[in-house]
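Shown next, in structure tokens, is the structure this report addresses.
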2 protein chains.
Amino acid sequence: MGRRADHTPEQLRALVLDAARKIVAAEGERALTTRRIAQDIGYTSGTLYNVFKDRDDLILALNGATLDELFAAVSGTARGADVEKRLRALARAYIGFVRAQPQLWSLIFEHSRATPEPDWYPPKVARVFGVMEETLAPLYGEAARRDCAQAARMLWASLHGMCVLESKGALAMPATTLVDGLIRHFIAGHEVLAGGGRRKA
Amino acid sequence: MGRRADHTPEQLRALVLDAARKIVAAEGERALTTRRIAQDIGYTSGTLYNVFKDRDDLILALNGATLDELFAAVSGTARGADVEKRLRALARAYIGFVRAQPQLWSLIFEHSRATPEPDWYPPKVARVFGVMEETLAPLYGEAARRDCAQAARMLWASLHGMCVLESKGALAMPATTLVDGLIRHFIAGHEVLAGGGRRKA
DNA sequence: GCGGGTACTGAACAGCGCTCAATTGCTTGC
DNA sequence: GCAAGCAATTGAGCGCTGTTCAGTACCCGC
């Protein structure tokens, strides 16, 4: 064969990522080989290298897409109700995503890159992350932005840990139960620390 | 070559695991190949299969050894002082281990096995985990064992999440800072929930 | 309709996990 | 002290991987 031009480079990228997504979702990272992707979309593996630097680059792009999905799943939860309820809704949305797509989600964290991540990647993480900060904002005054950011990171990391351990089957109870406890303790503790005493939260 | 018997099977296992440990600690999972291990200990890769079922089995054994080290690092922290201080000490020991051996620690969670884990593995995890439950026990009566187990899992998972994200560089602040906040909120919240109201912790 | 440029292929390379026939040295029975 | 047998180890080799690249066959502008 020679030149085909059935697809523009953008279409081809999308095609590859879509195939990769399906493979990982169904069979996990180990099944994600260049030959397999190529076969699924009717090309050969060499063609992938016109459109991705290497396998790591492809996985990074896939992870970017997964982060976008995750953001979509989580960003609608911060409306109405009180902070505790919103936190619970946010946590449930996150856990729900992880349960629906454990393999894709795992790929984000399990894959250890050889190369440093490119500039476009950290903002995608930060955007998902920012939802927690927004949800938490009503608890903190304008002056306590720093405390809010810290609390958001704390809760997010905790939620993350529960999802990791649940998806490994190491929890022996649902992540939702644990995260409810976490939120309850956090809210109760916050009222004591911020309201009563003079210690910063 | 033929029969050598320079080492007993047990010695050989230890030799392999030691070499594997060094390779992972220094260069990460990607560098852990059977040929590389064999070369480092003066055998050929085929010999490893006398002593381990396959690469997954070898990694599982290495992870078991890492869990033993982790337990040793963490088990001495629950003595004296009040619960909050002990929690902090425990968390710092855990974080310290992760910072000292990020690659070995990551291997425990990043490696996705094809086969289910053998019987001897879960107790090693549970033992590390149990330290948190012991540390937390004074906060809960004999009757509230369940609450204690749940709180322990919650805190452990949270601590875990912070370590994961710190070792990925996704935290933008030290895990120790976050975990201190977590413990402070937990203790304050616990006093409210258990002491004041009638809600279970 | 023809030339130039390029998207694509397919063969090839090095290395991977893993297997197994062949080998070679130890060990045991005599 | 020697032979026979046993088993630990090798090394070649299989099928796979990611990655590269010369060559080709096609599309497009002229």
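Predicted, not measured: the structure shown is a model, and the values here were computed from it. Numbers restart at 1 for each chain; the letters A, B, ... are given by sequence-line order, proteins then strands.
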Inset, instruction - Identify whether any heavy atom of A:Leu48 sits under 4.0 Å from a base atom; if not, whether one sits that close to sugar-phosphate; answer base, sugar-phosphate or nothing. - result: nothing
Legend entry - Short side-chain to backbone donor-acceptor contact, A:His185 and A:Gly181, under 3.5 Å: yes
Legend entry - Residues from residues 20-44 of chain B lying under 4.0 Å of DNA chain C - heavy atoms: B:Leu32, B:Thr33, B:Thr34, B:Arg35
Legend entry - Any A:Thr47 side-chain N or O less than 4.0 Å from OP1/OP2 of C:dT9: yes
Inset, instruction - Look at B:Glu27 together with B:Arg36 and state whether they make a salt bridge at an N to O cut-off of under 4.0 Å. - result: yes
Legend entry - Residues forming a ring pair (Phe, Tyr, Trp, His ring centres under 6.0 Å) with A:Phe109, sequence neighbours excluded: A:Trp105, A:His160
Compile the donor-acceptor pairs under 3.5 Å between side chains in residues 57-67 of chain B and protein atoms, sequence neighbours left out, one pair per line.
{"residue": "B:Asp57", "atom": "OD2", "partner": "B:Lys53", "partner atom": "N", "Å": "2.9"}
{"residue": "B:Asn63", "atom": "ND2", "partner": "B:Leu107", "partner atom": "O", "Å": "3.4"}
{"residue": "B:Thr66", "atom": "OG1", "partner": "B:Leu62", "partner atom": "O", "Å": "3.0"}

Inset, instruction - Provide, to the nearest angstrom, the distance between the CD atom belonging to A:Glu10 and the C1' atom belonging to C:dA7. - result: 14 Å
Legend entry - DNA chain D-proximal residues of residues 50-58 of chain B, any heavy atom under 4.0 Å: B:Asn50
Inset, instruction - Mind calculating the distance between CG (A:Asp6) and P (C:dC8) to the nearest angstrom? - result: 7 Å
Inset, instruction - Examine distances only and state if a side-chain atom of B:Arg92 and a backbone atom of B:Thr176 form a donor-acceptor pair shorter than 3.5 Å. - result: no
Legend entry - Non-neighbouring partners of B:Lys22 that pass side-chain contact (heavy atoms from CB on, under 4.5 Å), sequence neighbours left out: B:Asp18
Legend entry - Contact nearer the 5' end of DNA chain C, comparing A:Leu12 with B:Tyr49: A:Leu12
Legend entry - Residue pairs involving residues 96-112 of chain A (criterion salt bridge (Lys or Arg N to Asp or Glu O under 4.0 Å); sequence neighbours excluded): A:Arg99-A:Glu166, A:Glu110-A:Lys168
Inset, instruction - Could you tell me whether A:Glu117 and A:Lys124 make a salt bridge, using a distance below 4.0 angstrom between a side-chain N and a carboxylate O? - result: no
